[in-house]
Amino acid sequence: MSASTRPANEISGLEAVIYDYNGVIGRQPTASQWIGLGELAGWSAQEIQAFQTAFWQRREEYDEGTLASAEFWAGLLRGGRTARPGSSLLAKLVQADTQMWMTTDAAVLEVLRAAHAAGIRGTLLSNAPRPLADALDATDWCATLITKAVYSARIGINKPAQRAYEAAIAAAGHPRPERTLFVDDRLDNVVAAQRLGLHTHHYTGNAAALARLLPAVPAGPAVPACFVPSVPDGSAAVA
């Protein structure tokens with residue numbers, strides 16, 4: 001497809017995109033990362049499924065900021081382990097937990113770069129605890145491709161609550177709902193966004209399908225094939 005060709009399903013007049021993080025931009029943790037985190041908390045590799053169940057039962061409160069890190073981990077530690085505020089074990093748990101969510105999908109980041117180059121504002125809306133929010137804010141891709149980031153722990157509520165979407169819309173500069181696209185891998189979050197009149201995309205791992213919803217980068221002026229611009233040192237310029 002040429003740069004000037006509009007895909008048939010591109011959203012007309014798109015002004016902003018609100019992206020979920022984990023499951024869209026961010027990749028899911030590996031089995032070894034889960035096992036490592038569980039073992040740090042006192043769970044054996046054979047108990048990893050039970051650890052994950054206990055982890056997710058407490059995660060909603062941690063994501064919305066109701067539980068501090070020490071309180072979150074206090075309910076998950078086994079084998080006599082304790083993780084008081086300021087302890088080395090708590091620091092290791094928070095670091096391991098945060099790090100396992102930091103791997104990004106290169107193909108999706110390319111979609112974000114293209115949207116950014118086309119002038120589309122990008123906003124992040126993620127259910128994330130404070131340590132993860134701080135780590136994501138410090139990444140190069142977030143600093144350059146995301147206009148503003150909204151995290152559940154900072155606003156005190158998780159998706160799919162309506163207030164979470166309202167905070168993201170405000171962060172995006174209050175674009176018109178019909179000119180705003182919301183992207184998430186969880187269907188319940190997508191349905192909640194639809195109720196507010198947003199365009200939505202249920203992301204299932206296909207970055208190309210997401211790219212087709214976004215405007216193409218305008219083509220630059222044609223340069224004759226025989227023309228090679230020079231640079232100050234006399235060498236050929238590299239595109």
Side-chain angles (χ1 to χ4, degrees), residues 1-31 33 56 63 100-128 132 136 139-152 158-162 164-169 171-220:
M1 182 181 73
S2 69
S4 60
T5 302
R6 286 170 52 90
N9 56 347
E10 179 188 312
I11 299 171
S12 177
L14 185 67
E15 296 176 353
V17 182
I18 300 172
Y19 303 97
D20 172 42
Y21 175 67
N22 186 50
V24 179
I25 300 171
R27 290 188 176 276
Q28 300 289 355
T30 65
Q33 287 174 317
W56 289 119
D63 281 350
M100 76 179 193
W101 305 104
M102 295 300 292
T103 302
T104 53
D105 188 323
V108 177
L109 287 182
E110 284 302 312
V111 175
L112 264 66
R113 289 188 184 96
H116 181 74
I120 302 300
R121 296 192 300 274
T123 299
L124 192 66
L125 177 60
S126 176
N127 287 354
L132 179 56
L136 292 175
T139 62
D140 289 341
W141 65 263
C142 191
T144 57
L145 303 177
I146 299 297
T147 302
K148 288 189 178 180
V150 177
Y151 302 102
S152 56
N158 295 319
K159 292 176 293 182
Q162 180 173 324
Y165 299 92
E166 291 172 343
I169 293 169
H174 295 283
R176 284 171 285 183
E178 68 273 14
R179 294 192 174 182
T180 305
L181 173 65
F182 173 76
V183 184
D184 202 297
D185 68 315
R186 284 181 47 173
L187 188 57
D188 57 337
N189 292 339
V190 169
V191 171
Q194 289 172 346
R195 295 193 188 105
L196 296 177
L198 303 178
H199 283 285
T200 61
H201 178 64
H202 182 210
Y203 187 76
T204 58
N206 188 340
L210 173 59
R212 286 194 290 270
L213 296 174
L214 305 176
V217 179

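Note that the structure is a prediction, hence the values are computed from the model and not measured.
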Trainee: Stepwise, does the side chain to side chain contact (heavy atoms under 4.5 Å, CB included) test hold for V183 with D20?
Mentor: CA-CA 6 Å; V183 184; D20 172 42; 6.0 Å; no

Trainee: Which heavy atom of Q33 sits nearest a heavy atom of M100, and at what distance?
Mentor: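 Smallest heavy-atom distance, with atoms named: NE2-CA, 3.6 Å.
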
Trainee: Check I146, L125, L145 against Y19 for a side chain to side chain contact (heavy atoms under 4.5 Å, CB included) and give me the one that passes.
Mentor: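 With Y19 as partner, I146, L125, L145 yield a single side chain to side chain contact (heavy atoms under 4.5 Å, CB included), made by I146.
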
Trainee: Look only at the side chain of R121 and the backbone of A172, and say whether a donor-acceptor pair between them is shorter than 3.5 Å.
Mentor: yes

Trainee: Taking C-beta and beyond as the side chain, do R113 and H116 meet within less than 4.5 Å on heavy atoms?
Mentor: no

Trainee: Starting at CZ of R176, measure out to CD1 of I169 and round the result to the nearest 0.5 Å.
Mentor: 14.0 Å

Trainee: To the nearest 0.5 Å, tell me how far T147 OG1 sits from I120 CD1.
Mentor: 10.5 Å

Trainee: Do you know which two heavy atoms are closest between G23 and Y203, and how far apart they sit?
Mentor: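 Reported closest heavy-atom pair: O-CD2, 3.3 Å.
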
Trainee: Go through N158 and S152 one step at a time and tell me if the side chain to side chain donor-acceptor pair (under 3.5 Å) criterion holds.
Mentor: CA-CA 5 Å; N158 295 319; S152 56; 3.1 Å; yes

Trainee: List the atom of N189, the atom of F182, and the distance in Å for their closest heavy-atom pair.
Mentor: O-CE2, 3.6 Å

Trainee: Going by the side-chain hydrogen bond (donor to acceptor under 3.5 Å, both in side chains) test, name the single residue among H201, K159, H202 that passes it with D184.
Mentor: K159

Trainee: Which value, rounded to the nearest 0.5 Å, describes the distance between L214 atom CG and L181 atom CG?
Mentor: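 Going from the CG atom of L214 to the CG atom of L181 covers 6.5 Å.
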
Trainee: Working note: L109 + D105, criterion side chain to side chain contact (heavy atoms under 4.5 Å, CB included); need CA distance, chi angles, decisive distance, verdict.
Mentor: CA-CA 6 Å; L109 287 182; D105 188 323; over 6 Å; no

Trainee: Determine the minimum heavy-atom distance between V150 and A168, stating which atoms define it.
Mentor: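 So the two residues come closest at CG2-CA, 4.0 Å.
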
Trainee: Restricting to non-hydrogen atoms, name the atom on V24 and the atom on D185 that form the minimum distance, rounded to 0.1 Å.
Mentor: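 Taking every non-hydrogen atom into account, CG2-N, 3.8 Å.
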
Trainee: What do you reckon, is CD of Q162 surrounded by more than 12 foreign heavy atoms closer than 6.0 Å?
Mentor: no

Trainee: Any heavy-atom pair between the side chains of T180 and V17 that's under 4.5 Å?
Mentor: no

Trainee: Can you give me the closest heavy-atom contact between P177 and L196, atom names plus distance?
Mentor: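 Minimum heavy-atom contact is CB-O, 3.8 Å.
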
Trainee: Apply side chain to side chain contact (heavy atoms under 4.5 Å, CB included) to the pair H199 and L14, showing each step before the final yes or no.
Mentor: CA-CA 10 Å; H199 283 285; L14 185 67; 5.7 Å; no

Trainee: If you draw a 6.0 Å radius around CG in D140, do more than 12 non-hydrogen atoms from other residues or ligands fall strictly inside?
Mentor: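 Not buried by this count: 12 neighbours or fewer within 6.0 Å.
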
Trainee: Side chain to side chain contact (heavy atoms under 4.5 Å, CB included) between N127 and Y21: does it pass, once the steps are laid out?
Mentor: CA-CA 8 Å; N127 287 354; Y21 175 67; over 6 Å; no

Trainee: Could you give the distance from CD1 (I18) to OH (Y165), rounded to the nearest 0.5 Å?
Mentor: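 One gets 9.5 Å once the value is rounded to the nearest 0.5 Å.
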
Trainee: Could you measure the distance from the CH2 atom of W101 to the CZ atom of R27? Nearest 0.5 Å is fine.
Mentor: 14.5 Å

Trainee: When rounded to the nearest 0.5 angstrom, what is the spacing between CE in M102 and OG1 in T139?
Mentor: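 The OG1 atom of T139 is 5.5 Å from CE of M102, to the nearest 0.5 Å.
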
